[in-house]
Amino acid sequence: MKASLNWIREFVDVKASPQEIADRLTLAGLEIEGMVEQGKGLDKVVTGTLLKVDKHPQADRLTYCEVQSGGQIHYIVCGAKNHKIGDKVALALPGAKLPNGMEIQETVIRKVKSGGMLCSEKELGFAAESEGILILPPETPEGVPLSEALLLDDTILEVNVTPNRGDCLSMKGLAREVAAAFGVPFVEVPRVPTASKDFSIEGRVRVQLQSPDLCPRYSCRLLRGVKVAPSPRKVQRRLESCGIRAINNVVDATNYVMLETGQPLHAFDLSQIRQGQVLIRRAKSGETLLMLDGKERPLQ
């Protein structure tokens, strides 16, 4: 499993380096198979705003861009076609050494001086392949390090959890292990208080446990006034860094809680529950399930 060290540190105040934490967890029986420092290689890559996008005077396939970042104006020659005035972009300044090994310097392209580069996801190490430059969300602050804007100042641990340590299949579980390994307290983060009786499913939904040997207990709660929308960027980044695709605030909330606590859960649209009941049972022969990625998968 992938685990965010920043997330773990919310529950345990340990000053040790990522490598020291990985070593202690390995000694405790949790093998750390890998460690990725997010944001590594992004020094001198900052956020900027495109003020002007003109055709290159000497090349039809290039553009000449005026980029504002940190109160300064940078003039950049760009070969991409997916950008426009007002876009927030990732600007690699001279002296930057990108994750793909590229070193950025001031250069002259077709007799026009270029003071940096507008980066694609591939050049930033975010994707194996990409088309065009990375266009950042419009609310991205301008003139800050890209790693700060995208919340990349984190270390991701690849943890091999053995079958007998299901208690470590969550951020809280790993945090308890770190607390024990370093002899420091585990701190429970305050959460939302218990909901009122208005959130009861009584008279609204009936739950039937038809496979109690596999699921001895199933609990439900009703939430009203929910508006489906994108999740906050911090939530999206945490999910993505742990290998889960962000979808919307409802789905992301369930996945966030699952990663944090180790408790699987799911959200249903009350209006779509047939006959007002949730059946907990094994799959029937030949049944399929339509997943959120649009693919239908056979059930066993």
Side-chain angles (χ1 to χ4, degrees), residues 1-14 16 18 21-22 24-26 28-39 126-127 137 147 150-182 184-195 214-215 217-221 223 226 228-269 280 289 291-293 295 297:
M1 65 173 285
K2 293 182 179 180
S4 159
L5 202 50
N6 283 355
W7 202 343
I8 291 171
R9 289 185 194 272
E10 288 187 0
F11 299 97
V12 55
D13 185 15
V14 59
I21 293 174
R24 292 285 185 97
L25 288 175
T26 299
L30 297 172
E31 182 183 357
I32 306 300
E33 297 181 325
M35 187 164 55
V36 176
E37 293 182 38
Q38 293 187 322
F126 296 167
S147 57
L150 297 184
L151 304 175
L152 295 175
D153 55 338
D154 196 2
T155 299
I156 306 302
L157 303 178
E158 187 73 44
V159 187
N160 182 12
V161 181
T162 54
N164 64 318
R165 292 306 308 271
D167 59 301
C168 290
L169 287 172
S170 67
M171 301 305 140
K172 290 176 73 171
L174 288 173
R176 288 191 181 94
E177 202 67 21
V178 171
F182 285 89
V184 296
F186 171 83
V187 181
E188 186 68 74
V189 178
R191 293 304 187 205
V192 178
T194 303
L214 294 179
C215 179
R217 182 172 184 269
Y218 188 99
S219 58
C220 297
R221 168 168 290 169
L223 298 178
V226 175
V228 178
S231 296
R233 186 61 187 161
K234 179 179 179 181
V235 172
Q236 294 185 39
R237 279 301 312 157
R238 282 198 167 174
L239 292 177
E240 290 162 0
S241 66
C242 293
I244 293 182
R245 180 170 61 98
I247 296 175
N248 59 50
N249 53 351
V250 176
V251 177
D252 295 351
T254 61
N255 285 330
Y256 193 96
V257 172
M258 178 184 69
L259 288 175
E260 184 171 272
T261 67
Q263 174 62 55
L265 67 165
H266 185 75
F268 299 95
D269 182 341
I280 314 303
L289 186 65
M291 309 298 286
L292 288 169
D293 61 6
K295 297 179 181 178
R297 289 178 169 81

Closest contact, heavy atoms only, [X] versus [Y]:
| X | Y | result |
| --- | --- | --- |
| V159 | A3 | CG2-CB, 4.4 Å |
| E177 | A28 | OE2-CB, 3.7 Å |
| Q236 | P230 | NE2-CB, 4.2 Å |

What is the distance from atom [atom1] of [X] to atom [atom2] of [Y], rounded to the nearest 0.5 Å?
| X | Y | atom1 | atom2 | result |
| --- | --- | --- | --- | --- |
| I32 | T26 | CD1 | OG1 | 5.0 Å |
| M1 | L259 | CE | CG | 7.0 Å |
| R238 | L151 | CZ | CG | 9.0 Å |
| N160 | E33 | CG | CD | 4.0 Å |
| M171 | F11 | CE | CZ | 9.5 Å |
| L157 | L30 | CG | CG | 10.5 Å |

Does K172 pair with E188 as a salt bridge, N-O distance under 4.0 Å?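 A salt bridge is present here (some side-chain N lies under 4.0 Å from a carboxylate O).
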
In chain order, what residues pass the side-chain hydrogen bond (donor to acceptor under 3.5 Å, both in side chains) check against [X], with sequence neighbours excluded?
| X | result |
| --- | --- |
| T162 | N164 |
| N6 | none |
| S4 | D154 |

Salt bridge (Lys or Arg N to Asp or Glu O under 4.0 Å) with [X]: which residues, sequence neighbours excluded?
| X | value |
| --- | --- |
| K234 | E10 |
| R217 | none |
| D13 | K15 |
| D269 | none |

Return the set of residues passing side chain to side chain contact (heavy atoms under 4.5 Å, CB included) with V187 (not counting sequence neighbours), or none when no residue passes.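 So V187 forms no side chain to side chain contact (heavy atoms under 4.5 Å, CB included) with any residue.
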
Taking side chain to side chain contact (heavy atoms under 4.5 Å, CB included) as the test, write out the residues that go with P18, two or more places apart.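 Side chain to side chain contact (heavy atoms under 4.5 Å, CB included) list for P18, sorted by chain: L5, R9, M35, T155.
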
Which residue pairs satisfy the side-chain hydrogen bond (donor to acceptor under 3.5 Å, both in side chains) criterion with at least one member in residues 239-251, sequence neighbours excluded? R237-E240

With sequence neighbours left out, what residues match F182 under ring pair (Phe, Tyr, Trp, His ring centres under 6.0 Å)?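 Applying ring pair (Phe, Tyr, Trp, His ring centres under 6.0 Å) to F182 gives none.
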
Please enumerate all residues that pass ring pair (Phe, Tyr, Trp, His ring centres under 6.0 Å) together with F268, with sequence neighbours excluded. H266

Kindly indicate, with the supporting measurements, whether the criterion side-chain contact (heavy atoms from CB on, under 4.5 Å) is fulfilled by M258 and I244. CA-CA 11 Å; M258 178 184 69; I244 293 182; 4.0 Å; yes

Please report the C-alpha distance between R176 and L174 in whole Å, then the side-chain angles of each, then the deciding distance to 0.1 Å, and finally whether the side-chain contact (heavy atoms from CB on, under 4.5 Å) criterion is met. CA-CA 5 Å; R176 288 191 181 94; L174 288 173; over 6 Å; no

